[in-house]
Structures are given as structure tokens and as C-alpha cells.
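Here is how names work: the chains are called A, B, and so on, in the same order as the sequence lines, proteins then strands, and each is numbered from 1.
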Amino acid sequence: MTSARDDILSNIRRSLGVTGAERTRQGIVDERIDRAPRGVIPKRGQVSGRERLDLFRAQVEGALATITEVASPDEVPAAVAEFLRGHNLPATIRRGDDPRFAAMPWAETALEVSQGVSEGRDLNAVSHAFGGVAETGTLVMVSGPENPSTLNFLPDNHIVVVEAKDLQGDYESAWAKVRRAYGKGEMPRTVNFITGPSRSGDIEQTLLLGAHGPRRLHVIVVGG
Amino acid sequence: MTAHPTSPQFKENAARALADTQLQRALGNVRSGFIDKRQAAADRLPEFEELRDQARDIKNHTLQHLDLYIERYEAKVKAAGGHVHFARTAEEARALVLQICRDQGARTVTKGKSMITEEIGLNAHLEGAGITPVETDLGEYIIQLRGEMPSHIIAPAVHLNATQVEEDFRRVHTHLDAERDLSEPVQLLTEARAVLRQRFLAADVGITGANFLVAETGTSIIVTNEGNGDLTQILPKTHIVLASIEKLVPTLEDVSQILRVLARSATGQELSVYTTFSTGPRREADLDGPENYHVILLDNGRSSMLGTSFEEMLRCIRCGACMNHCPVYHAVGGHAYGWVYPGPMGAVLTPTLIGVDKAGHLPNASTFCGRCESVCPVRIPLPKLMRHWREREFERHLTPATVRSGLKTWAFFAKRPGLYRLATRIGMGALALAGRAKGRFAWLPFADGWTKHRDFPVPQGGTFQARWAQERAKRAA
């Protein structure tokens, strides 16, 4: 008996009228994967500097998240504390071991900071984004001990820090950045594109925030 | 839940749906919400139409080289430490899932929203083997409690009203205070969140579908708004991705093109809240994520669609825009279609999956208004494909005798234009005369299918052809 794999592949080839061994077809596929051509890139994101940051801000807010800017990494803990205070939330946060966090003056705030994954009991999490995409106000998160993926989904309130220099205009530029960090054709285990807080429209098409993931998403942009 | 189709009873289903006041009220949400939101999102992006062309071309290119992209994809998944399994049929896919669950000693599995698992009837199969499947998408959770199938591919509970959901929650969540207030939708959401949070944390295996599979990197992609798909795949020890073979795309750039039309076409969002790219199991330094990562690639008849007129259907990215814009779907909802996929995309896909003998009514349940094709992000010519099914149905003598003889009578006149014009002129004249007093007919012979639900207007003036000739003569002069 032939395997399911062989059967499916040979049925595809029969339907397409090919053998699978054609050099030209192989070449077309290899080239496509190798060159990864960009298609149509919306003009909207093709701006830089302040304009790009403004677009990012507007799109983040359009996705029902909140956003603030700080001048340097040193100001991040205070901005986190202020957000929590503003929403009457306990001054506790959970975060990963991202070295950018380790360098920040958490002790200057009253925040109680713990480190590691979330097991579902944390109210607030702070993550550092790998980048962001201004086109749609999307945060680009990569998995790893620096920023465990569970922090993106289990806590009620998610605070994400992103450096202004890591913002891109479009998804394609974000992928270029991923390739520079991980190598062509390689990916971290998980890349999360996050655009706004969790929501559902499943009950009478009414938009409700905080379905299974965070009810609030707050973005802190550093060094704009 | 059942994969047993009631599509052969489409007419009875539709009649019942039209008389169901709860359903008709809920369907008002489809008519009012989706259409305006999609249009607004498309209007905000000047490149939208160009991106639709891109999405179509990317899918076409991939389908023409599908065998090779599958091989490249498989190699990358394996290199990342994942497993790839192939299933020719629904039965093989069910067996593979069950085997993986048994190897893990699984008792409960959580599920992200997946139409493929509906297609193969996975939940019933797992339950039969003593494993509890828990749907975690809010809409899917609700219909699982009710033992129903989804009525829409992205809004599975769109046929329900909040009061019905409240009744179900009170019936099932008996551990909670019976006096609690559930009058607001947000209270229903909060309750489901709390109940399902426990399920997420306790699950042994998480099963998701995939919106795309990327050959370049061996990555599976899910797109959600709730975050349930992510909790399904990062918390349990084992993640199973169940995807059909046409989900392949070549590169991350290609996915980015299609993502720009997917959410805008579906819900009118710029991008869905969570777009998640998963590649293999957790890495050595990772503190969370699944330890085992399995992909099951399902064919279930799709490879045979390649090279036929139905190949174009394999471009479908399951956004739901076709049903959101369909007057037939608006009138009868998704359950009337009688199987997993409703609306125009279901009318084309269902006959290929369960046979035109069972699903022949579906491609006939169309007004051919063309709105589905006009909004399809990958430009599938849905009306044309429905017509192909009608032709096949006719060729195979599956069309009812009355319809066949009616078509023959019409064909007799259509082949004789002089006679046709004469007959329609006499017919229209007679109707106009007979209905002169009231201006409408409450009943007409051979037309009670129409007059049962609405009056038939009395013809005003001559036939269309007569007026056409008049207008042309006027313009020429």
C-alpha cells in the first residue's frame, strides 16, 4: 500500500499534468522562496520619523489600544506605574528576562516585579516588542525567555514597550528585520502580530473587549 | 454535532428558517454589520483592489506548484522539530488526531476555531473515544453547548440572540449562582472567559486549524480576535495543526499580501487582533509553548479539484464576505445549507465534498446577483462555479422532472425567437389585463412558490424586448 503522502502528491501531480521532477518548475519555486518578492506595499506606511510614529499612534488607537511616549528607557517603569494607577490596578507586574528591562530603574517605583511565564494568575504583564508596524498599529512580538508568549495572552492587562527605532512602515520591512535577526528561512518559535486588545463579536455582533486575551493593551514607545 | 448533511432537504430547511422569528431577528445583524464595515475598510486602503489581484495571483501560483510547495514546507517543519502527517480522507485525519491524543494520554483537548475539524466531524469522533473536546472560540463554544453546527464560517453563532445564549449558559454552568445577572452580552462574555480559562489550563492537547502554511519557513498561521487560538496552542504540551493542502503559500511576503485583504473582507478590521506565526515546538531556552508540534495535512478531495473548473475554489481564504453579502444567506441563514460550509462558497464547495447528488440544491439557491464575486478577496467567480454545478446536475439527470420539463419548454421557445416574442407578448398582455384592478396578484397558477411569500406585481407596459427595441429605435433616431 502506498503512503497517504505519496498518494496525495501523485494525485496533485496527475491533476496538474506534471511529474514533480520538471527542472523549470523546481527552479520557479526555489527562486520564489529565495527571492521572496514583495508585492503591492500600501503607500500609507511609506513615511519615516515623526510621521511614521504618528501613523502608528493613530492605528494603535484605532484598534482600541492606548499609547504613550517616553524619551528614554529609564522612564519606562514610571510610565508603567502611571498606567496601572490610572486604571486603579494593583502595582504588580510580570515580565520576562529581556536585558532591556534589566537595565531599567524598576526600584525607583513602587512596582512589585516578578519574572517568568504566566500561569494564569497574573493581572498585569509587561513585554518588550521586537518591532511594530505603523501601517496597522501592529506590535511584532517574538517568543523566547526574554518575553514568554504566555505573557501576551493570559494577563488581563498587557503593557508592551517598543522602541521607536524598531517601528517599520509595513509588514514586509518587519519580516526583513526578523530575517536579519534569525536568518533567511528561519523563525523564532512564535511571532505574534498584535493589533489591539482581545475582542469578540460573537454575541449579536456586539463588539466586546477582553474575550480570552487581555482586556486592555497599552503601548509605551521609547525614544520617539 | 454532526457531519451528517441535511443539504438534500434544503428546501424544507429554508422554509423553516424563513418562519423562524428568532433566526430572522439574529440575521438582521448580518445584514447591518458586515457590509458597511468591509466597505469602509476597503475605502481606507487605496491599494485594496490591487491587493485582491495579488492575493488571487499568489494563490493561483501556489496551486500550480502545490506539490513542490508541500515538499518544501514539510522539510522546513521537520527541520524545526515538528512532525508532518498526511491524510487522504476525513477518516484518516480523525484517526491521526486520535492517535496523537492517545499517545499523549489526553483526556481533554482544547480547540481553536477550525472549519476543517467541522468538515471531518472531529468532535464526535473524539467524544466516541472518551476524549473531551472543548471549543474555545466564544461562538463555537456556544454552539457546542447547543449541539449545533456553525451557521457562518467566521461568526459561528450569528444565528442566535443573547437571550438564547443566556438560557444555554444557565442550563450548562450549573456550578454558578442561579440568581446571577446575565442580561448584558458582556456578562455572558465574562462568564465564558472564566469557565474556559480553566479548560485552557487543564488541556492536554490543543488543536487549531491554519489560515496559511508558509513553505519558506515551515510556519503555520492562525488569525483570531479573541486570543483563544493562542491559548489553545501555547498552554498544552502538544499542539496539533489540522490544515487542508490548499493553505500553502510560498513566503512571508505572500502571506502579508493576503493578510491585507483577509480581515478587511471579513470584519472590516485593518488586521485581526492576533495573527500568530508558529514554527515547530518550543526551543531549548523557551519557558513556554508546546513541547510537541504536529501538522496534519488533509486532502479530502481537494487534489482532484486541481485542473478542473473548480480549481478556483481552492483559492478561498474563508473570510465569509460572500455569505455576508448574499441575499439568500440573509434570508435563510447558514444552517439551511445543511452542512459545514454555507453561503455561496458552501454552495460551490459542498457538492465537491459530499456529492452533487446530496448538495445539488445549494448551487440552485442563488439569485445570481453577483455580489459574492464582487467582494471575494481572491476573486473566485462563485456564480460561474454554481452554474457549472447546475450543468453537471442537469447532465446527471439529478434535476427534478418538473424543472427539466420546464427548461425544455423554455428552450423550445428560446430557440424560436419569433414565437418567444409572440408568447411573452400575449402572456404579459393577459397578466396586465387580468390584474388591472388590483395592480398585483396574491396567487398565480404555477407560481405559488413566489406568491406564497409575496405578491406578484402586474406587468406595466410591454415586454423587455419590446421596450429594448423601442429605446434602440429612439436612440438611432
Residue part contacting chain B, namely of A:Arg179, when any heavy atom lies under 4.5 Å
side chain

Check A:Thr68, A:Asp166, A:Val162, A:Val160 against A:Val221 for a side chain to side chain contact (heavy atoms under 4.5 Å, CB included) and give me the one that passes.
A:Val162

Using modelled atom types only, decide if a donor and an acceptor are shared between the side chain of B:Asn228 and the backbone of A:His212 within a distance under 3.5 Å.
no

If you tally heavy-atom pairs under 4.5 Å between each of A:Pro188, A:Pro214, A:Ala63 and chain B, the highest tally belongs to A:Pro188

When you compare the side chain of B:Arg88 with that of A:Ile8, does any pair of heavy atoms fall below 4.5 Å?
yes

Chain A interface, residue from B:Pro156, B:Ala155, B:Ala192, B:Ala162 that has the most non-hydrogen pairs under 4.5 Å:
B:Ala162

Is the backbone of B:Val158 close enough, under 3.5 Å, to the side chain of A:Gln205 for a donor and an acceptor to pair up by distance?
no

Under 4.5 Å to a heavy atom of chain B? For A:Thr138 that would be side chain

Given a strict heavy-atom distance threshold of 4.5 Å, which part of B:Glu74 is in contact with chain A: side chain, backbone, both, or neither?
side chain

Please flag which part of A:Ala36 lies under 4.5 Å from any non-hydrogen atom of chain B: side chain, backbone, both or neither.
both

Let me know if A:Leu217 has heavy atoms under 4.5 Å from chain B in its side chain, its backbone, both or neither.
neither

Between B:Ala157, B:Ala285, B:Ala26, which shows the greatest number of heavy-atom pairs under 4.5 Å with chain A?
B:Ala285

Looking at A:Gln26, A:Glu186, A:Arg38, which one has more heavy-atom pairs under 4.5 Å with chain B than the rest?
A:Gln26

Identify whether the distance between the nearest side-chain nitrogen and carboxylate oxygen of A:Glu69 and A:Arg57 falls below 4.0 Å.
yes

Per-residue contact mode, B:Tyr293 against chain A (heavy atom under 4.5 angstrom):
neither

Which one, B:Asn161, B:Asp67, B:Leu306, leads in non-hydrogen pairs under 4.5 Å with chain A?
B:Asp67

Under 4.5 Å heavy-atom distance to chain A, tell me which part of B:His61 shows up: side chain, backbone, both or neither.
side chain

Which one, A:Asp34, A:Leu16, A:Leu139, leads in non-hydrogen pairs under 4.5 Å with chain B?
A:Leu16

One thing to verify: whether B:Glu226 and B:Lys113 come together as a salt bridge, which I'm taking to mean a side-chain N less than 4.0 angstrom from a carboxylate O.
no

Please look at A:Val18 and chain B and tell me whether the side chain, the backbone, both or neither of the residue comes under 4.5 angstrom of a heavy atom of that chain.
side chain

For chain B, which residues of residues 118-132 of chain A have at least one non-hydrogen atom nearer than 4.5 Å to it?
A:Glu119, A:Gly120

By a 4.5 Å heavy-atom criterion (distance strictly below it), what part of B:Asp254 contacts chain A: side chain, backbone, both, or neither?
side chain

Is B:Leu287 in contact with chain A via its backbone, its side chain, both, or neither, using a 4.5 Å heavy-atom distance?
both

B:Gly307, B:Gly227, B:Pro46, B:Gly139: which one forms the most heavy-atom pairs within less than 4.5 Å of chain A?
B:Gly139

What part of B:Gln269 gets within 4.5 angstrom of chain A, counting heavy atoms only: side chain, backbone, both, or neither?
side chain

Go through A:Arg32 and B:Glu216 one step at a time and tell me if the salt bridge (charged side-chain N to carboxylate O under 4.0 Å, His left out) criterion holds.
CA-CA 9 Å; A:Arg32 175 100 179 195; B:Glu216 176 195 2; over 6 Å; no

B:Leu160 versus chain A, the contacting section by heavy-atom distance below 4.5 Å:
backbone

If you tally heavy-atom pairs under 4.5 Å between each of B:Glu311, B:Glu253, B:Gln54, B:Met305 and chain A, the highest tally belongs to B:Glu253

Ion pair present between A:Asp30 and B:Arg72, side-chain N to carboxylate O less than 4.0 angstrom?
yes

Report yes if some heavy atom in the side chain of B:Phe34 is under 4.5 Å from a heavy atom in the side chain of B:Ile154; otherwise report no.
yes

Would you mind checking if A:Asp156 and B:Arg193 are paired as a salt bridge, meaning a charged N to carboxylate O distance below 4.0 Å?
yes

Tell me, side chain or backbone of A:Pro197 under 4.5 Å from chain B's heavy atoms, or both, or neither?
backbone

Check ion pair B:Arg260-A:Glu135 (N to O, under 4.0 angstrom):
yes

Of all heavy-atom pairs linking A:Gly20 and B:Leu68, the shortest is O-CD2, 3.7 Å

Most contacts with chain B, counted as non-hydrogen pairs under 4.5 angstrom, among A:Ile194, A:Asn152, A:Leu209, A:Thr206
A:Ile194

Salt-bridge criterion met for B:Glu284 and A:Arg189 (N-O under 4.0 Å):
no

With a 4.5 angstrom heavy-atom cut-off, is it the side chain or the backbone of B:Ile221 that approaches chain A, or both, or neither?
neither

For the interface with chain A, which of B:Thr275, B:Thr217, B:Thr251 has the highest count of heavy-atom pairs at distances below 4.5 Å?
B:Thr275

Should A:Arg44 and A:Gln59 count as side-chain neighbours, where that means a heavy-atom distance under 4.5 Å?
yes

Among A:Asn192, A:Ile41, A:Val29, single out the residue with the greatest number of heavy-atom pairs under 4.5 Å to chain B.
A:Val29

Go through the side-chain N and O atoms of A:Arg216 and A:Asn157 and say whether any donor and acceptor fall under 3.5 Å apart.
yes

Give a yes or no on whether a salt bridge exists between B:Glu71 and A:Arg13, defined as a side-chain N under 4.0 angstrom from a carboxylate O.
yes

A:Leu208 versus A:Glu204: any side-chain heavy-atom pair under 4.5 Å?
no

Contacting moiety of B:Ser272, where chain A heavy atoms sit under 4.5 Å
backbone

Just give me the residue among A:Gly116, A:Gly185, A:Ser143, A:Ala174 that pairs up with chain B most often, heavy atom to heavy atom, under 4.5 Å.
A:Gly185

Between B:Glu270 and B:Arg44, is the closest basic N to carboxylate O distance under 4.0 Å?
yes

Would B:Arg302 and B:Glu246 pass as an ion pair if we require N to O under 4.0 Å?
yes

Given heavy-atom pairs under 4.5 angstrom as the criterion, report whether the side chain, backbone, both or neither of B:Ser304 touches chain A.
both

Go through the steps for B:Leu231 and B:Thr136 under the test side chain to side chain contact (heavy atoms under 4.5 Å, CB included), then give the verdict.
CA-CA 9 Å; B:Leu231 292 176; B:Thr136 62; over 6 Å; no

Can you say whether A:Asp7 sits under 4.5 Å from chain B via the side chain, the backbone, both, or neither, judging by heavy atoms?
side chain

